[in-house]
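Quick notes on the structure that follows.
Hydrogens, waters and symmetry mates are skipped; everything else that's a heavy atom, side chains included, is used. Throughout, protein chains are lettered first and strands after them, A, B, ... in sequence-line order, and every chain is numbered starting at 1.
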2 protein chains.
Amino acid sequence: MHAYTASRISLSPHSAQPSLPAAFGSETQQPISFFPAGSEIYAQGERAGALYQVEFGAVRIYRLLADGRRQISAFHLAGETFGFEADATHHFFAEAINATGVRTFRLAAGADMSHQLLPLALKGLTRAQEHLLVLGRQNAIERVAAFLVDLGERQGGLRQVELPMSRMDIGDYLGLTIETVSRVFTRLKDKGVIRLLNLRSIEIVKQDVLQAMGE
Amino acid sequence: MHAYTASRISLSPHSAQPSLPAAFGSETQQPISFFPAGSEIYAQGERAGALYQVEFGAVRIYRLLADGRRQISAFHLAGETFGFEADATHHFFAEAINATGVRTFRLAAGADMSHQLLPLALKGLTRAQEHLLVLGRQNAIERVAAFLVDLGERQGGLRQVELPMSRMDIGDYLGLTIETVSRVFTRLKDKGVIRLLNLRSIEIVKQDVLQAMGE
DNA sequence: CTAGCCACTTGATGTGGATCAACAATCCGC
DNA sequence: GCGGATTGTTGATCCACATCAAGTGGCTAG
């Protein structure tokens, strides 16, 4: 893990999401590490033992098959926490999607953080299980609709939704190709459900229709 | 939840899997509930607040879409624990696949079980994320191979693997139809990778080949 | 043993999304 | 602002798996 560690810069932490419980005493307050777009935060197989909270930017968590097929299991936006593992090893890769600031909480060997971690782990488990339904049983348009609704909610429920990630990332998250993602965006636009403001931001015009599509 | 509660019957609990840490004092030792094949253990929307450990039999955890499409997110075999949720509500259905014995641990309101629960939650999270890769990026034969390898490992790594569930259950777990599951079994048989001993048990003939297919 | 049912298998055909192939738009360095 | 690289869109074709449709075999009741 190579980070451009910016020591104790104070950046506005707009934590819209439930943030890491402040049980880390002030003495364990950590500096923010900066990761440029595309840089690795940790790799599969590396030794785990820290938690990461996104301060700004966005992170993708993924696995690879031997032939290069990639499955992104989660995106993490500002305020969200990631990095916990079942054992001492990372089973996934984590990369900054854009220029991203990450606060690292190194887990003290003896400390028992289970009380703080359990809600986060359970939240992640529920999320992953809901994503299983999407990948296992929904078609392309339903997948994209569910994705946009989820992203919109995590950004505060406003009409305008920012897409910090590329079409390829979206495809690898939804189990689709970039061409299909692109075509579905066009279809949703033609139906008047969304508007494409630019490549990386959309406006949800018919929230109810989109919601219904994603079930 | 309607169970045929067998009070304090002592059944051989062949827990091959990491069992629920014995932190439940002996005074909280629970009787075993019996669920006939197909019966509901809990339903989506019900109030949660207990943990369940399979003593014998098998359980499926699933969600439904409005039109009846079903995604099974997990199977639980003897020794495995399920039932924890991120909030006080069940987000999934749990059903006994076969005649199944379940030990129920009701979580005391005040008690802090996070230390015991965290490893289980993290295990489940890793499992779910690995399943995402299967559903998002693997084809039919890879999915079935990965499923058989996983099931084999959970049954102690023997050559013979029991399938407690129907083709429909397997299909709804792997995001395939029963016809495709059946055809893949036939293809694996024709390739000499497995043998179909009967409908509900197979023998893995070429473990290495199967393993490689499931990546 | 026999009848009937249900789960599974096998075959024929259809189709949603992948793949292959241009082309267009956006970004970036100079 | 210009040129090239990168990312996204659109079109044509293909194919893996779904769907539709018969069978087949194994269990259960009588």
Exercise for the section: Run the ring-centre check on Tyr62(A) versus Phe92(A) and record whether the distance is less than 6.0 Å. Expected result: no
Exercise for the section: Write down the distance between CD (Glu142(B)) and P (dA16(D)), rounded to a whole number of angstrom. Expected result: 12 Å
Practice task
Find the distance between CD (Glu153(A)) and CG (Asp150(A)) and round it off to the nearest 0.5 Å.
Solution key: 6.5 Å
Practice task
Starting from the first five and the last five pairs of the helix from dC1(C)-dG30(D) to dC30(C)-dG1(D), work out the angle between the resulting helix axes, to 10 degrees.
Solution key: 50°
Exercise for the section: Quick one: label Asn139(B) by what it contacts on the DNA or RNA (base, sugar-phosphate, nothing), any heavy atom closer than 4.0 Å. Expected result: sugar-phosphate
Could you tabulate the donor-acceptor pairs under 3.5 Å formed by side-chain atoms of residues 194-204 of chain B, not counting sequence neighbours?
from      : atom 1 : to        : atom 2 : distance (Å)
Arg195(B) : NE     : Glu203(B) : OE1    : 3.4
Arg195(B) : NH2    : Glu203(B) : OE1    : 2.9
Asn198(B) : OD1    : Arg200(B) : N      : 2.8
Asn198(B) : OD1    : Ser201(B) : N      : 3.2
Asn198(B) : OD1    : Ser201(B) : OG     : 3.4
Asn198(B) : ND2    : Ser201(B) : OG     : 3.2
Arg200(B) : NH1    : Pro164(B) : O      : 3.2
Glu203(B) : OE2    : Arg159(B) : NH2    : 3.0

Problem - Spacing between Leu196(B) atom CG and dG26(D) atom C1', to the nearest angstrom - result: 15 Å
Exercise for the section: Verify the distance criterion only: is there a donor paired with an acceptor across the side chains of Glu162(A) and Gln160(A) at less than 3.5 Å? Expected result: yes
Exercise for the section: Name the residue closer to the 5' end of DNA chain C, choosing between Glu179(A) and Arg143(A) according to the nucleotide with the nearest heavy atom. Expected result: Arg143(A)
Problem - Protein-nucleotide distance (Asp172(B), atom CG; dA18(D), atom P), rounded to Å - result: 11 Å
Practice task
Return the nearest nucleotide to the side chain of Thr186(A); candidates are dG17(C), dT9(D), dA21(D).
Solution key: dT9(D)
Exercise for the section: Check whether any side-chain N or O of Thr177(B) sits under 4.0 Å from OP1 or OP2 of dT19(D), and answer yes or no. Expected result: no
Exercise for the section: Look only at the side chain of Glu40(B) and the backbone of Ala94(B), and say whether a donor-acceptor pair between them is shorter than 3.5 Å. Expected result: no
Practice task
Round to a whole Å and report the spacing from CD of Gln138(B) to P of dC17(D).
Solution key: 11 Å
Handout entry: Spacing of Arg137(A) atom CZ relative to dC17(D) atom P, expressed in whole Å
Key = 13 Å
Problem - Interatomic distance, Ile141(B) atom CD1 to Arg183(B) atom CZ [nearest 0.5 angstrom] - result: 13.5 Å
Handout entry: Value in whole Å for how far the C1' atom of dT9(C) lies from NZ of Lys189(B)
Key = 9 Å
Practice task
Examine the base of dT19(C) for any acceptor or donor lying under 3.5 Å from a partner atom in the side chain of Arg183(A), and report the outcome as yes or no.
Solution key: yes
Handout entry: Arg187(A) CZ to dG11(D) P, straight-line distance once rounded to whole Å
Key = 14 Å
Practice task
Spell out protein contact along nucleotides 2-8 of chain D as letters: B when the base is contacted, S when just the sugar-phosphate is, - when no protein heavy atom is under 4.0 Å; keep the 5' to 3' order.
Solution key: ------S
Exercise for the section: Would you please indicate if the ring centroids of Tyr42(A) and Phe93(A) are separated by under 6.0 Å? Expected result: no
Exercise for the section: Quick one: label Gly175(A) by what it contacts on the DNA or RNA (base, sugar-phosphate, nothing), any heavy atom closer than 4.0 Å. Expected result: sugar-phosphate
Practice task
Between dT19(D), dA21(C), dA18(C), spot the one nearest the side chain of Thr180(A), thanks.
Solution key: dA18(C)
Practice task
Identify the heavy atoms of Ala78(A) and Phe56(A) that sit nearest to each other, and give their distance.
Solution key: CB-CA, 4.3 Å
Practice task
Can you label the angle between the His76(A) ring and the Phe82(A) ring as parallel, tilted or perpendicular, going by 30° and 60°?
Solution key: parallel
Practice task
Could you tell me which non-hydrogen atom of Leu132(A) sits nearest to which non-hydrogen atom of Ser73(B), and how far apart they are?
Solution key: CD1-CB, 3.8 Å
Handout entry: Integer-rounded Å distance: dT19(D) P and Leu176(B) CG
Key = 11 Å
